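Okay, structure first, notes after.
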Amino acid sequence: MNSSAIAPSQQTQEVLNQAPPLTGYNLFLSDKTLVKAVAREGAEWANQQLIDLGGLLGTEEVQRWGFDANENEPVLYTHDRYGNLRDEVVFHPSWHNLMRTSVEHQIHSLPWLKKRKGAQVARAALMMMTAQNEAGHTCPISMTFSGMAALRVEPDLVRDWEPKMLSSVYDPHFRPAQEKNGVLMGMGMTEKQGGSDVRANTTQAEQIGQSREYLITGHKWFCSAPMCDAFLILAQAPKGLSCFFLPRWTPTSERNHFYLQRLKKKMGNRSNASSEVEFAGAWAQLVGEEGRGVNTIIEMVHHTRLDCAIAGAALMRQALVQAVHHARHRKAFGKLLIDQPLMRNVLADLTIESEAATLFMARLASSFDARESDPQERAFSRIATAIGKYWLCKRACTQVGESLECLGGNGFVEESVMPRLYREAPLNSIWEGSGNVICLDILRALAKEPASLDALIAEIRLPAGSDARLNAFIADVESSLLKSRNGSDSEGQARRLAEKLALALQASLLVRYGSPAIAEAFCITRLAGDHGYTFGTLPMGVDINSILSSQLD
Ligand SMILES: Cc1cc2nc3c(=O)[nH]c(=O)nc-3n(C[C@H](O)[C@H](O)[C@H](O)COP(=O)(O)OP(=O)(O)OC[C@H]3O[C@@H](n4cnc5c(N)ncnc54)[C@H](O)[C@@H]3O)c2cc1C
């Protein structure tokens with residue numbers, strides 16, 4: 001047919017030079033760095049589970065769930081139509097599909113169910129993949145996983161709740177835990193007058209007789225996933241700030257005095273409900289010792305910080321994959337973008353950051369496997385969690401932003417997924433300890449748990465002698481540590497120190513396990529400083545071809 005026979009309106013409908021949707025791929029098998037890390041850290045036994053989830057998450061249907069759950073935000077119903085209290089949040093069916101998939105794949109429970117080497121790494125890999133598809137729903141998944149770690153100090157709570165917390169059945173019904181097949185857990189620390197400074201909490205806990213039961217009165221300013229079945233919260237008891245287990249229904253199957261005030265209107269993380277909640281004499285049980293609430297809940301926080309680091313690596317990986325996919329299909333000025341020298345520099349630089357993040361998160365997860373039995377690993381985990389949480393979350397903000405630009409205007413459009421990744425990125429840096437607070441935590445670890453620094457330095461030094469730039473950088477880190485110990489402004493310098501420790505650890509991991517071209521480029525740019533202030537400033541001589549082909553078939 002000759003073109004003049006086509007109606008003018010039809011002539012504009014031919015689509016040229018647009019990338020096809022990135023769908024029908026396996027998030028696990030396509031991530032060589034992750035596949036190798038899983039094998040190296042002894043989690044190969046979980047490969048089938050990882051391949052299954054990786055394939056599922058790459059389907060159009062599951063990708064759609066992510067969009068739908070975010071475009072149809074949860075709705076709070078404080079009352080029913082007759083004026084009775086309801087206090088329920090209603091989610092889109094896609095949210096439930098995402099939740100069910102993650103629970104069935106045991107992302108909330110795997111290491112507690114399978115106490116074998118590599119379980120934390122296997123679970124971290126599952127988490128890293130699902131967070132690439134949809135990050136919002138990982139909040140209650142992560143809190144349930146982490147809450148279990150803190151609950152272990154209370155054998156009766158473990159007896160009553162653990163089987164249902166570890167269940168692979170997702171049961172979204174709002175009813176007493178006794179009537180459910182699976183339960184989920186949340187966390188309530190932050191109050192209006194203070195989030196990081198939890199000792200400023202004003203919520204009060206009044207003991208019932210001489211029991212471990214209390215009535216809680218106060219508010220929480222951020223309480224995410226409020227349809228969870230129970231929460232670990234902090235409140236002031238006579239002996240000081242204490243940790244409590246506060247279920248939505250009391251043990252006698254009555255609704256607890258837990259009143260949802262409103263849901264936050266959030267910049268991102270929109271599929272997930274984050275509420276403000278009042279407790280008016282809500283029933284709760286003490287967890288751990290009265291007055292030692294921070295010490296008790298910190299075990300939960302330690303695990304959620306691991307998940308923030310995993311999520312940072314996940315966002316970077318997904319952003320990179322989308323950027324490369326686009327560049328392979330889009331032409332500009334006569335060439336595919338992937339063949340334009342400056343775009344290759346940008347993509348290679350983003351790849352370096354993503355691989356360094358994946359190696360960090362996998363090594364961190366492996367320390368959670370070993371920390372129960374190995375004091376050195378426990379010490380490493382203590383400080384590396386803070387460093388990983390700080391650094392990977394910070395790097396995600398810029399890496400995702402730059403990846404978004406690789407898609408040009410399409411990256412600014414919601415259907416591309418990039419805006420969702422971009423809005424999610426800063427959140428991981430804010431919650432579970434904002435950037436500064438985490439850096440101060442690193443200083444606390446250095447001062448109070450010197451074994452953590454010894455373990456970290458020992459790990460960084462493992463490839464000793466194999467790279468002169470790494471050796472020089474380690475010497476510089478050690479001098480910064482000395483200054484931090486003796487200096488008057490150690491707090492003011494804490495971010496610089498955190499960065500150096502993170503870079504040294506990432507370089508050490510890359511030299512040992514990374515693609516050689518990436519390890520080399522990391523040392524030239526991030527350690528020796530031959531790099532600009534933005535991504536895409538790799539110097540001449542960096543083997544960009546090998547970096548790109550090492551990651552992408
Ligand atoms: C979407 C979302 C969901 C959330 N869900 C939950 C939840 O489920 N449960 C829950 O308990 N909380 C939740 N939070 C709250 C979150 O954990 C807090 O926002 C966070 O801990 C910071 O506390 P804040 O907001 O009070 O900020 P602030 O504590 O006021 O901190 C403000 C800034 O000051 C910095 N800062 C604080 N102290 C110092 C210092 N000494 N030196 C230098 N800088 C400092 C911080 O790093 C931060 O940048 C959620 C937050 C968000 C955004």
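When a ligand or atom number is given, it counts from 1 through the structure's own listing order. Predicted model only: the values in this text are computed from it and were never measured.
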For H137 and P140, the nearest pair of non-hydrogen atoms, with its separation, is O-CD, 3.3 Å
Starting from atom 49 (O) of ligand 1, find the nearest protein heavy-atom neighbour and note its residue, name and distance.
S434 CB, 4.0 Å
Note the single closest protein heavy atom to atom 16 (C) of ligand 1, along with its residue, its atom name and the distance in Å.
T190 OG1, 3.7 Å
Counting non-hydrogen protein atoms only, what is the nearest one to atom 20 (C) of ligand 1? Give residue, atom name and distance.
I430 O, 3.7 Å
Count the heavy atoms belonging to other residues, nucleotides or ligands that lie under 6.0 Å from CD of E405, then report whether that count exceeds 12.
no
Using a distance threshold of 4.0 Å (strictly less than), state whether atom 30 (O) of ligand 1 has a protein heavy-atom neighbour.
no
Can you list the ligand 1 atoms lying under 4.0 Å from a non-hydrogen atom of E432?
17 (O)
Reported CG-to-SG distance for the pair L232 and C243, which is rounded to 0.5 angstrom:
4.5 Å
Which heavy atom of the protein is the closest neighbour of atom 51 (C) of ligand 1, given with residue, atom name and distance?
F222 CD2, 3.3 Å
R423 with E414: basic N within carboxylate O range, under 4.0 Å:
yes
Can you establish whether the number of heavy atoms outside E289 located under 6.0 Å from its atom CD is more than 12?
no
Between the side chains of E299 and R371, is the shortest nitrogen-to-carboxylate-oxygen separation below 4.0 Å, so that they form an ion pair?
yes
Return the residue, atom name and 0.1 Å-rounded distance of the protein heavy atom closest to atom 35 (C) of ligand 1.
N436 ND2, 4.2 Å
Give the atom numbers and elements of ligand 1 that come within less than 4.0 Å of a heavy atom of M189.
10 (C), 11 (O)
State whether any protein heavy atom lies less than 4.0 Å from atom 6 (C) of ligand 1.
yes
Got the closest protein heavy atom to atom 9 (N) of ligand 1, with its distance?
M187 O, 2.9 Å
Under 4.0 Å, heavy atoms only, figure out whether ligand 1 is touched by the backbone of L440, its side chain, both or neither.
side chain
Under the 6.0 Å and 45° cation-pi test, does R420 pair with F67?
yes
Can you list the ligand 1 atoms lying under 4.0 Å from a non-hydrogen atom of G188?
11 (O)
Does NZ or CZ of R526 fall inside the cone over F473's six-membered ring, less than 6.0 Å from its centre and within 45° of the axis?
no
Can you name the closest pair of heavy atoms from Q178 and K164 and give their distance?
O-NZ, 3.2 Å
Return yes or no for this condition: an N or O of W431 is under 3.5 Å from an N or O of ligand 1.
no
More than 12 foreign heavy atoms under 6.0 Å from CZ of R159: is that the case here?
yes
Mind checking whether G195 has an N or O less than 3.5 Å away from an N or O of ligand 1?
yes
Out of all atoms in ligand 1, which are within 4.0 Å of some heavy atom of S196? Include the element for each.
22 (C), 23 (O), 26 (O), 28 (P), 29 (O), 31 (O), 37 (C)
By ring-ring contact (aromatic ring centres under 6.0 Å, His included), which residues pair with F535, not counting sequence neighbours?
none
Please check if the side chain of H219 supplies one atom and the backbone of E276 the other of a donor-acceptor pair under 3.5 Å.
no
Atoms in ligand 1 flagged as close to K266, the criterion being non-hydrogen separation under 4.0 Å:
1 (C)
Any protein heavy atom under 4.0 Å from atom 25 (O) of ligand 1?
no
For the 3.5 Å polar cut-off, considering only N or O atoms, please tell me whether C223 and ligand 1 meet it.
no
Honestly, for K264 the part within reach of ligand 1 (heavy atoms, under 4.0 Å) is neither
Could an N or O of ligand 1 be found under 3.5 Å from any N or O of S224, whether backbone or side chain?
yes
Ignoring angles and geometry beyond distance, decide whether D197 reaches within less than 3.5 Å of ligand 1 through its nitrogen or oxygen atoms.
no
Does a side-chain heavy-atom distance below 4.5 Å link M418 with Q322?
yes
Counting from 1 in the order shown, the ligand 1 atoms closer than 4.0 Å to a non-hydrogen atom of S274 are 1 (C), 3 (C)
N or O contact, L427 vs ligand 1, cut-off under 3.5 Å:
no
Give a yes or no on whether the ring-centroid distance for F360 and W391 is below 6.0 angstrom.
no
Short check: is a protein heavy atom less than 4.0 Å from atom 12 (N) of ligand 1?
yes
Run the ring pair (Phe, Tyr, Trp, His ring centres under 6.0 Å) check on F245 and W161 step by step: do they pass?
CA-CA 11 Å; F245 179 82; W161 285 78; 4.9 Å; yes
Would you mind running through ligand 1 and noting each atom that sits below 4.0 Å from a heavy atom of V437?
37 (C), 38 (N), 47 (O)
